[in-house]
Structures are given as C-alpha cells and as structure tokens.
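For reference, the structure is listed below as structure tokens.
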Amino acid sequence: MAEIGIPQRPLRVAVVGSGPSGFFAAESLLKSLVVCAVDMFERLPVPFGLVRGGVAPDHPKIRSASRVFEKTAEHERFRFFGNVTVGRDITVEELRRFYDAVLLAYGAEGDRSMNVPGESLPESHAATEFVGWYNAHPDYRDRVFDLSCETAVIVGMGNVAMDVARMLAAPVDILKDTDIADYALDALAESRIREIHIVARRGPAQAKFTLPELKEMAEIPGATPLVESDEFTFTLACRQEIEASPGLKRIVEVLEEYSRNRPGNGRNIRFRFFLSPVAVLGKDRVEAMCFERTRLAGEPGNLKAWGTGALVDIPCGLVFRSVGYRGRPIPGVPFNEKTATIPHTAGRVEDNGREIPGLYVAGWIKRGPTGVIGTNKPDSLETVKTLLSDLERLTPCAEPDSQAVENLLRERGVRVVSFDDWKRIDAEEIARGARKGKPRERFSRVEDMLAVLDS
Ligand code: FAD
Ligand code: NAP
C-alpha cells in the first residue's frame with residue numbers, strides 16, 4: 001500500500017462545512033505531524049457557518065472568531081471550495097474517490113417543531129428563520145415577519161431565544177451600527193412590538209441561557225426585563241440544583257432582581273416559566289398561544305415538566321419557536337432520525353454499529369445542536385485524533401489528484417468560490433458597509449455574491 005501522510009503524498013481530507021467544527025478540524029489536521037492536505041467544501045459562497053449566519057449582529061466580538069479560521073485558511077495545504085453543496089453538486093461517495101478521508105461537519109440547519117396544532121399558521125415561525133433573516137442568510141432573505149403587532153411570544157429559553165428577544169427589543173439606533181441586514185433594520189425600525197414573552201416549560205433553575213446573555217437584557221435601552229413573581233418558584237429539588245452550581249445561583253439571583261422590576265413604558269421582556277406549548281391559536285393567522293401550566297417532578301439534574309391541566313392563553317400576533325435546531329441527513333451517509341445526528345464512535349461514522357473507516361463526523365451534526373463555538377474545538381480534535389489513528393487502515397483514494405475534483409465540479413457547471421474569491425466578497429461587503437457607517441453590509445443573495453467575482 002502506498003504510504004500516505006508524507007510530503008510526497010499528503011493525507012487528503014475533504015472537510016464538509018466551514019463552520020467552527022470544520023475549521024477546528026482543518027486546523028488540527030494541518031498542524032499534525034502527519035502531512036495533510038485539506039479541501040473544505042461549503043454550500044454557500046461565504047464561509048464560517050453560524051459564526052456568520054447565527055451569532056447576533058450586536059455581538060461583534062464573537063463574530064470576530066472567524067479571524068482565527070482565516071489563519072487556518074492561509075495554510076498552503078488548505079483549499080476552500082465555496083458554493084458547493086455536498087449531496088447535490090457532488091456526493092460523499094464521489095468525494096471518497098478523491099480523498100482518503102471525508103470529515104462531515106455540516107452543522108444542524110433544520111429546526112425542531114413544537115408538534116402542536118396551529119404551528120404552521122401565518123406568523124408562527126422558527127427562530128432559525130428570523131435569525132437567518134436578520135443575518136442576511138440567502139436561505140431566509142425573502143422571509144417576511146409581521147412586526148405590526150404588540151406582542152411576540154418566543155417558545156423556549158435557550159440563548160437563541162435570548163438573541164431573538166434582544167433583536168426584537170433593541171432600539172434600531174443601536175442595531176444600525178451593526179452588520180445587521182439593511183432590510184431587517186428597516187423592518188425593525190417600523191416594529192410596534194412592545195411585549196416580548198420568553199416562555200419556558202420548566203422553571204427558573206432550568207433555563208438554558210447563560211448569565212452574560214441574561215444580564216444583557218437589563219442593558220437594552222428602553223427595555224425592562226420582568227419575571228412574574230408567582231412563576232418564580234422552586235421545589236426542594238430545584239433548590240438542590242441551585243446549591244450545587246454557583247453559576248446557576250447567580251442566574252437565579254439576576255432573575256430575582258428582574259422579578260422586582262415594574263413594567264416600563266418601552267418594551268417589556270417577560271420571562272415566563274412553567275408553561276408548556278399546547279396550541280397556536282388563530283383563524284387565519286396567529287392570534288394567541290395556548291400553554292398548559294406545568295409542575296416539576298424528578299431527581300435534581302433531571303427534573304421534568306408535567307402538565308397540571310390548567311390552560312393559559314397569551315394573546316399575541318407573532319410566535320417564534322426556539323426549541324432547538326435539528327440536523328439533516330446527507331445522501332449516502334447513515335443518519336439517526338431520532339437524534340438527528342450521524343451515528344459514530346469518537347467521530348468515526350458507523351452504520352448499524354459497523355465502523356466506516358474513511359468517514360468521520362464533527363460538530364453539531366455529530367453531537368446535536370448544543371454548545372458554543374469553543375465547544376466544537378475538543379469535539380473536532382477528538383474526531384481528528386480518531387481519523388489519524390486510522391491512518392494505517394485507510395484505503396488510499398483512487399484519484400489523489402488535487403485538480404480532478406475541481407474539473408469535475410466545473411464540468412457540472414458549478415461556480416467554485418475559492419478563499420481568495422471570498423476575500424473579494426468580504427472586501428466588497430466591508431466597502432458597502434463603510435458607505436453606510438456600518439462595519440459591513442452583507443450580500444443576502446448568492447447571485448449578488450457571485451456577481452462581485454464576475455465584475
Ligand atoms: P455550523 O456553524 O452550522 O456550520 C456548518 C456549515 O456547513 C455551514 O457553513 C453550512 O452552510 C455548511 N453546510 C451545510 N450543509 C452543507 C452541505 N450539504 N454541503 C456543504 N456545506 C454544507 N456560540 C457562541 O460561542 N457565541 C454565540 O454568540 C453564538 N450564537 C449563536 C447564535 C445562533 C442563532 C446559533 C444557532 C448558535 C450560536 N452559537 C454561538 C453556537 C455556535 O454557532 C455553534 O456551536 C457552531 O456554529 C456549530 O458549529 P458547526 O461547525 O457544527 O456548524
Ligand atoms: P437550547 O439551549 O437547547 O434551548 C432550547 C430551549 O427550548 C430550552 O429552553 C428547552 O427547554 C426548550 N424546548 C425544547 N423542546 C421544547 C418543547 N417541545 N416545548 C417547549 N420548550 C422546548 O437551544 P438553543 O437556544 O437553540 O441554542 C443552541 C446552542 O447554541 C446552545 O448550546 C446555546 O448556548 C448556543 N448559543 C449560544 C449563544 C451565545 O453564546 N450567546 C447564542 C445562541 C446560541 P427544556 O430545557 O425544558 O428542554
């Protein structure tokens with residue numbers, strides 16, 4: 001067998017997806033003693049996954065995580081294949097013809113549903129859509145949200161729900177200095193929303209957001225965070241959970257401060273607890289959201305919400321379900337429908353418990369849609385470690401030709417976007433932003449991104 005992983009014949013790895021997990025994996029491969037060449041495939045002409053398309057515009061410092069990834073992209077054995085959808089423009093099976101290993105890091109782009117009647121009524125949306133819309137993601141560019149109502153309900157109490165609430169509550173004077181999409185800023189400037197309910201099915205001690213995001217709510221000019229005092233309750237098991245975690249204790253203290261606030265004249269952000277979704281109500285569009293009051297039972301650390309039979313309606317004109325993202329299958333790759341992830345052991349993909357050397361997985365599509373950017377680093381490192389430990393048993397690919405894949409895509413009429421091409425799009429976005437006094441004005445249509453390259 002030909003030796004691979006040496007300067008004369010680097011280990012050829014295709015990484016699918018250019019979010020944090022893809023870039024952390026690429027970085028680790030390129031720093032390894034085994035000589036690797038990494039080609040990264042990304043379905044959009046622009047890189048960085050949720051760092052670009054998810055992180056909120058008013059969090060510029062977090063968005064700048066992409067600078068670390070740019071360093072990786074400068075490596076001489078790294079190539080970027082943007083505007084290439086794996087599974088459509090090229091299959092995973094075909095990639096395996098050109099690469100010794102394929103590492104899938106394509107995230108979890110779908111959304112979970114609440115599975116309640118009325119969920120598909122007009123003005124009932126997934127948070128995913130709203131987030132993609134204000135971040136100029138081409139998939140969501142043409143979504144329309146009716147912001148003319150007074151009350152919006154956000155179901156779920158994780159950090160995505162906090163992002164959505166902040167974007168609804170923040171004055172446009174603050175948002176206008178960010179890289180929010182221009183059409184979203186215009187729509188939010190006309191917003192009449194005054195009441196924002198963030199609704200959890202469990203209690204204050206089980207909220208999924210993190211402390212900085214909670215504290216930020218008190219810093220939004222004109223907005224008042226509120227907690228209904230009769231929903232600010234704790235069972236003995238809750239108190240044990242709080243005692244066991246100083247971080248949680250601090251969260252509960254901040255919520256307690258909010259419970260002492262009185263509604264303000266501006267926008268009110270209402271943290272609601274012990275309410276499980278029952279139905280989205282309305283004739284032709286959302287008119288209210290019906291919840292069942294819950295109580296908690298179970299062991300500390302594993303408290304579950306149980307319905308009490310008491311129903312609570314919250315009249316509203318807009319519903320965002322923020323109950324989690326969901327992975328999608330890719331043709332030819334095993335997929336666990338229940339967890340919506342790719343089955344694996346330590347990152348090596350498995351089909352019904354049978355290992356598939358040469359096929360690996362990292363990030364949200366490996367472990368599910370949880371964790372911050374940094375969480376993906378150890379996750380990707382685990383996968384790369386497994387991949388490199390398989391070196392001896394990998395079947396070298398049939399066509400280790402770095403030009404062949406490019407030729408195949410060109411024959412198929414795919415306009416491949418290189419990292420230098422992305423830099424041109426990037427420079428143009430920054431220039432467009434500078435003209436408006438913003439850090440950047442993003443392109444929200446693929447054709448406009450590609451037009452920059454053809455100009
Ligand atoms: P992703 O970032 O989703 O990257 C996957 C990439 O694969 C995407 O670029 C996608 O276009 C591409 N892709 C998908 N399908 C294909 C295909 N078939 N072919 C080719 N490419 C494909 N973490 C923080 O630390 N701070 C924050 O402020 C923060 N804000 C967040 C806000 C939101 C709304 C969300 C949802 C998450 C946020 N996170 C934040 C979490 C963080 O973004 C994730 O942990 C991280 O992005 C997951 O990385 P990933 O690489 O697995 O997936
Ligand atoms: P998440 O943290 O898992 O929160 C999901 C929320 O939805 C939870 O409150 C959950 O309640 C609720 N939920 C789930 N199913 C439900 C149902 N059927 N009915 C009612 N409620 C339901 O997910 P996320 O907010 O999408 O965030 C994903 C990841 O990205 C997280 O790790 C998050 O920290 C990260 N992120 C980070 C930032 C940041 O750092 N600023 C910003 C955004 C996202 P239960 O707990 O009761 O299940």
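Note that ligands are numbered from 1 as they come in the structure, with each ligand's atoms numbered from 1 the same way. Note that this is a predicted model, so its numbers are computed, not measured.
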Is the [X] ring parallel, tilted or perpendicular to the [Y] ring (thresholds 30°, 60°)?
{"X": "Phe145", "Y": "Phe320", "value": "tilted"}
{"X": "Phe419", "Y": "Trp422", "value": "perpendicular"}
{"X": "Phe130", "Y": "Trp133", "value": "parallel"}
{"X": "Phe48", "Y": "Phe69", "value": "tilted"}

Quick one: does any side-chain atom of Asp179 pair with a main-chain N or O of Arg442 as donor and acceptor, under 3.5 Å? no
Among Leu255, Ile198, Leu296, exactly one meets side-chain contact (heavy atoms from CB on, under 4.5 Å) together with Phe273. Which residue is that?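 Answer to the side-chain contact (heavy atoms from CB on, under 4.5 Å) test with Phe273 among Leu255, Ile198, Leu296: Leu255.
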Please determine if [X] and [Y] form a salt bridge, counting it only when a charged side-chain N lies under 4.0 Å from a carboxylate O.
{"X": "Arg326", "Y": "Glu337", "value": "yes"}
{"X": "Arg412", "Y": "Glu94", "value": "yes"}
{"X": "Asp111", "Y": "Arg321", "value": "yes"}

Using heavy atoms and a cut-off under 4.0 Å, could you grab the residues that are in contact with ligand 1, chain by chain, numbers ascending? Val16, Gly17, Ser18, Gly19, Pro20, Ser21, Phe41, Glu42, Arg43, Gly49, Leu50, Gly54, Val55, Ile62, Val84, Thr85, Val86, Ala105, Tyr106, Gly107, Glu109, Val131, Val160, Asp163, Tyr325, Ile330, Gly363, Trp364, Gly371, Val372, Ile373, Asn376
Check each N or O atom of ligand 2 against all protein N or O atoms and list the pairs under 3.5 Å, with atom names and distances to 0.1 Å, one per line.
{"residue": "ligand 2", "atom": "7 (O)", "partner": "Ser322", "partner atom": "O", "Å": "3.4"}
{"residue": "ligand 2", "atom": "9 (O)", "partner": "Met157", "partner atom": "N", "Å": "2.9"}
{"residue": "ligand 2", "atom": "15 (N)", "partner": "Arg201", "partner atom": "NH2", "Å": "3.4"}
{"residue": "ligand 2", "atom": "18 (N)", "partner": "Arg201", "partner atom": "NH1", "Å": "3.4"}
{"residue": "ligand 2", "atom": "25 (O)", "partner": "Asn159", "partner atom": "N", "Å": "3.4"}
{"residue": "ligand 2", "atom": "25 (O)", "partner": "Val160", "partner atom": "N", "Å": "3.1"}
{"residue": "ligand 2", "atom": "32 (O)", "partner": "Gly371", "partner atom": "N", "Å": "2.6"}
{"residue": "ligand 2", "atom": "34 (O)", "partner": "Asn159", "partner atom": "ND2", "Å": "3.1"}
{"residue": "ligand 2", "atom": "41 (N)", "partner": "Glu213", "partner atom": "OE2", "Å": "2.8"}
{"residue": "ligand 2", "atom": "46 (O)", "partner": "Arg202", "partner atom": "NH2", "Å": "2.9"}
{"residue": "ligand 2", "atom": "46 (O)", "partner": "Lys208", "partner atom": "NZ", "Å": "3.3"}
{"residue": "ligand 2", "atom": "47 (O)", "partner": "Arg201", "partner atom": "NE", "Å": "3.0"}
{"residue": "ligand 2", "atom": "47 (O)", "partner": "Arg202", "partner atom": "NE", "Å": "2.8"}
{"residue": "ligand 2", "atom": "48 (O)", "partner": "Arg201", "partner atom": "NH2", "Å": "2.8"}

